Amino acid sequence: MKEKELRRSLAVLPIGTVMKLTDLTARQIRYYEEQELVIPARNEGNRRMYSLNDIDKLLEVKDYLAEGLNMAGIKRIYAKKLAEKQAKQGKSLTDADVRKILHDEFIAVSGLSKQSQFSFRNNGL
DNA sequence: CTTCTGACA
DNA sequence: TGTCAGGA
């Protein structure tokens, strides 16, 4: 049950393939890396190499963006998710607890970013 | 030909 | 975010 996870973690896809698989531009993919959302491996020639897990993460980020979240919002989601994951090792929250916390956080952040994006549009920006 | 970094009419 | 430069 570890074999698949290992293979899914192997970085074997160049950015060009990732572009086709995620429908994101190279600019966006590199930008998300700057934002520390998806850090790909590098090959001998300094080329970015992505794994299947990276693809999933990128698609996930793409979905959040489509739902109206901004970089700050997405970072908060993952920060929260990581915090819960670590807390879950020391203490023991149920999966339901974690999901509720993540859901509440998502709603809060989602509302804020949408609000600010709308205000920008209303101000002609 | 493909990707990389840095920069901005 | 797009896009161009200049190099690998």
Side-chain angles (χ1 to χ4, degrees):
Chain A
M1 198 208 277
K2 286 294 181 182
E3 187 70 5
K4 285 193 296 183
E5 296 171 37
L6 183 78
R7 296 179 190 286
R8 285 183 183 300
S9 299
L10 290 180
V12 294
L13 340 198
I15 198 168
T17 303
V18 179
M19 289 174 71
K20 294 176 181 174
L21 261 35
T22 64
D23 196 55
L24 291 170
T25 65
R27 182 76 163 82
Q28 294 176 299
I29 299 172
R30 290 172 185 140
Y31 179 64
Y32 302 155
E33 177 182 0
E34 284 184 38
Q35 302 307 300
E36 301 178 285
L37 266 43
V38 177
I39 292 74
R42 296 287 184 138
N43 65 12
E44 315 70 45
N46 193 43
R47 265 69 223 279
R48 273 168 268 251
M49 297 303 275
Y50 301 79
S51 68
L52 294 179
N53 285 326
D54 291 333
I55 301 296
D56 284 342
K57 187 102 178 242
L58 283 171
L59 291 172
E60 199 174 298
V61 169
K62 185 189 169 191
D63 280 351
Y64 284 141
L65 254 31
E67 290 179 56
L69 292 189
N70 50 39
M71 284 307 105
I74 297 177
K75 284 187 180 180
R76 293 182 60 184
I77 296 285
Y78 288 129
K80 203 61 177 178
K81 183 178 293 184
L82 181 62
E84 296 309 327
K85 183 178 182 180
Q86 301 181 322
K88 190 174 183 180
Q89 301 191 329
K91 305 274 183 173
S92 62
L93 294 160
T94 66
D95 277 13
D97 290 330
V98 178
R99 275 188 282 102
K100 184 188 187 328
I101 295 173
L102 283 174
H103 182 263
D104 293 344
E105 186 69 12
F106 177 81
I107 297 301
V109 178
S110 175
L112 287 177
S113 67
K114 281 184 179 176
Q115 186 181 312
S116 54
Q117 283 176 29
F118 285 149
S119 65
F120 279 142
R121 298 202 182 92
N122 293 325
N123 289 315
L125 297 176

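Quick caveat: nothing in here was measured; it's all calculated off a predicted structure. Order of the sequence lines fixes the chain letters, A, B, ..., with proteins taken first and strands second; residue numbering starts at 1 for each chain.
- At the phosphate of dA8(C), neither OP1 nor OP2 sits under 4.0 Å from any side-chain N or O atom of Arg42(A).
- Atom CD of Glu44(A) and atom C1' of dT3(B) are 14 Å apart (whole Å).
- For dC1(B), there is no paired nucleotide, since no Watson-Crick or G-U wobble pair has both relevant distances below 3.5 Å.
- Ring-plane geometry between Tyr78(A) and Tyr64(A) is classed as perpendicular, the angle between the planes exceeding 60 degrees on a 0 to 90 degree scale with a lower cut at 30.
- No option in Leu59(A), Leu13(A), Leu52(A) other than Leu13(A) meets the side chain to side chain contact (heavy atoms under 4.5 Å, CB included) test with Leu21(A).
- Nucleotide dT1(C) forms a pair with no other nucleotide shown, judged by Watson-Crick or G-U wobble geometry with both contacts under 3.5 Å.
- For the pair Asp23(A) CG and dT1(C) P, the computed distance is 12 Å after rounding to whole Å.
- Taking every heavy atom of both residues into account, Tyr50(A) and Pro14(A) meet most closely at CD1-C, 4.5 Å.
- Taking atom CE of residue Met49(A) and atom C1' of nucleotide dT3(B), one finds them 11 Å apart after rounding to whole Å.
- Listed pair Tyr31(A) / dT5(B) fails the phosphate criterion, with no side-chain N or O lying under 4.0 Å from OP1 or OP2.
- Rounding to whole angstrom units, CE of residue Met19(A) and P of dG2(C) are separated by 9 Å.
- In this structure, Glu33(A) places its CD atom 11 Å from C1' of dT5(B), rounding to the nearest Å.
- Taking atom CG on Leu13(A) and atom P on dT3(B), their separation rounds to 11 Å, with Å as the unit.
- Note: the hydrophobic cluster containing Val38(A) also contains Val12(A) (ILVMFWY, side chain heavy atoms under 4.5 Å, direct or indirect links).
- Residues Gly45(A) and Arg27(A) both approach DNA chain B. Their nearest nucleotides, taken by heavy-atom distance, put Gly45(A) toward the 5′ side.
- Here Arg48(A) does not reach the OP1 or OP2 of dT3(B): none of its side-chain N or O atoms lies under 4.0 Å away.
- Side chain Arg47(A) to base dT2(B): a donor-acceptor pair is found below 3.5 Å.
- For the pair Arg30(A) CZ and dT1(C) C1', the interatomic distance rounds to 13 Å; values are reported in whole Å.
- Side-chain contact between Gln28(A) and Lys62(A) is absent, with no heavy-atom pair separated by less than 4.5 Å.
- Rounded to whole Å, the distance from CD1 on Ile29(A) to C1' on dC4(B) is 14 Å.
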